[in-house]
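Here the structure is a predicted model, which is why all the values come from computation and not from measurement. All residue numbers in this chain count up from 1 along the given sequence.
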Amino acid sequence: MGRPRLNIVLLTSTRADYSIYLPLIKKLLSDSYFNLKIVAFGSHLSKKHGYTIQNLIDDGFTPDYQIKSFPKGDTPFAISSSMADTFKKFSALWNNIKEQTDLIIALGDRFEMFAAVSSSLPFNITIAHFYGGDMTVGSIDDVYRDSLSTMAR
């Protein structure tokens, strides 16, 4: 009887976070102790932003879940509406996979990551957040980043 596996769900929403994650993804996939699931969402699935999910596919990774959730503009209303849509879609995902998820890995300071992670809180899934100590002076990004770090435990 082997050791139990740790079920990890890694959230990637942009080309920028994916490039930071790449060495970690490779390491997690190379160790049989980890069962890694990748969720691609946000601008990864936006043709306007280059459909960067293709970067994952080109690197040999097939995202286990793809969630379309990106704003239709840069206005406060468009961003807020997108956050609500992301929250709703991720709530359904967490509800479906909560029993198979030991850890969520999140990175950064973007509103879509905030919504995806926030929606997991009622499901009591452990969260790891990378880059919590960064600062963007005068930007709302700090609020999202600080909130993500607070949710991580």
Side-chain angles (χ1 to χ4, degrees), residues 6-29 34-132 134 136 139-153:
L6 184 67
N7 297 305
I8 299 173
V9 175
L10 183 139
L11 305 179
T12 177
S13 65
T14 69
R15 180 187 72 238
D17 71 35
Y18 171 67
S19 65
I20 294 169
Y21 277 139
L22 189 55
L24 177 62
I25 292 170
K26 290 178 180 178
K27 187 69 174 168
L28 291 172
L29 289 173
F34 301 106
N35 178 31
L36 180 66
K37 300 290 184 193
I38 299 173
V39 180
F41 68 109
S43 65
H44 274 312
L45 301 170
S46 167
K47 293 195 188 311
K48 176 182 174 184
H49 295 98
Y51 197 67
T52 57
I53 191 170
Q54 192 62 48
N55 296 42
L56 283 78
I57 296 165
D58 291 346
D59 286 340
F61 309 121
T62 302
D64 298 277
Y65 305 97
Q66 297 179 34
I67 297 180
K68 291 185 178 178
S69 62
F70 45 86
K72 296 184 178 23
D74 293 331
T75 67
F77 180 78
I79 291 169
S80 183
S81 297
S82 175
M83 288 174 67
D85 187 45
T86 301
F87 204 105
K88 183 176 180 180
K89 289 177 178 180
F90 270 89
S91 294
L93 176 69
W94 302 132
N95 190 54
N96 290 331
I97 68 171
K98 65 182 176 269
E99 300 301 325
Q100 301 85 38
T101 306
D102 300 311
L103 177 68
I104 297 166
I105 296 178
L107 187 155
D109 59 7
R110 297 204 28 99
F111 63 85
E112 63 269 26
M113 190 65 73
F114 169 81
V117 174
S118 296
S119 66
S120 76
L121 290 175
F123 299 99
N124 201 32
I125 304 168
T126 302
I127 301 159
H129 176 233
F130 292 94
Y131 293 89
D134 288 354
T136 311
S139 172
I140 192 150
D141 293 352
D142 281 342
V143 174
Y144 298 130
R145 184 185 310 104
D146 292 347
S147 297
L148 285 161
S149 291
T150 298
M151 289 184 258
R153 47 195 152 99

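At most 12 heavy atoms of other shown residues, nucleotides or ligands fall within 6.0 angstrom of atom NZ in Lys26. Counting heavy-atom neighbours within 6.0 Å of Asp58 CG, excluding the residue itself, gives a total above 12.
A donor atom on one side chain and an acceptor atom on the other are not found under 3.5 Å apart for Ser69 and Asp85. With 3.5 Å as the limit, one finds no donor-acceptor pair spanning the side chains of Thr101 and Trp94.
Side chain of His129 to backbone of Ile105: no donor-acceptor contact under 3.5 angstrom is found. Under the 3.5 Å distance criterion, the side-chain polar atoms of Lys89 are matched with a main-chain donor or acceptor of Lys68. Side-chain N or O atoms of Asp102 include one that pairs as donor or acceptor with a backbone N or O of Asn7 at under 3.5 Å.
Taking the ring pair (Phe, Tyr, Trp, His ring centres under 6.0 Å) definition, one finds that Phe61 meets it with nothing, sequence neighbours left out. In this structure, Tyr21 has no ring pair (Phe, Tyr, Trp, His ring centres under 6.0 Å) partners at least two apart in sequence or on a different chain.
Here the rule is side chain to side chain contact (heavy atoms under 4.5 Å, CB included) with Leu22, and of Thr12, Leu56, Asp59, Asp17 only Asp59 fits it. Exactly one residue among Leu11, Thr150, Leu121 makes a side chain to side chain contact (heavy atoms under 4.5 Å, CB included) with Ile127. That residue is Leu121.
Considering every non-hydrogen atom in both Thr86 and Glu112, the closest pair reads CG2-O, 3.7 Å.
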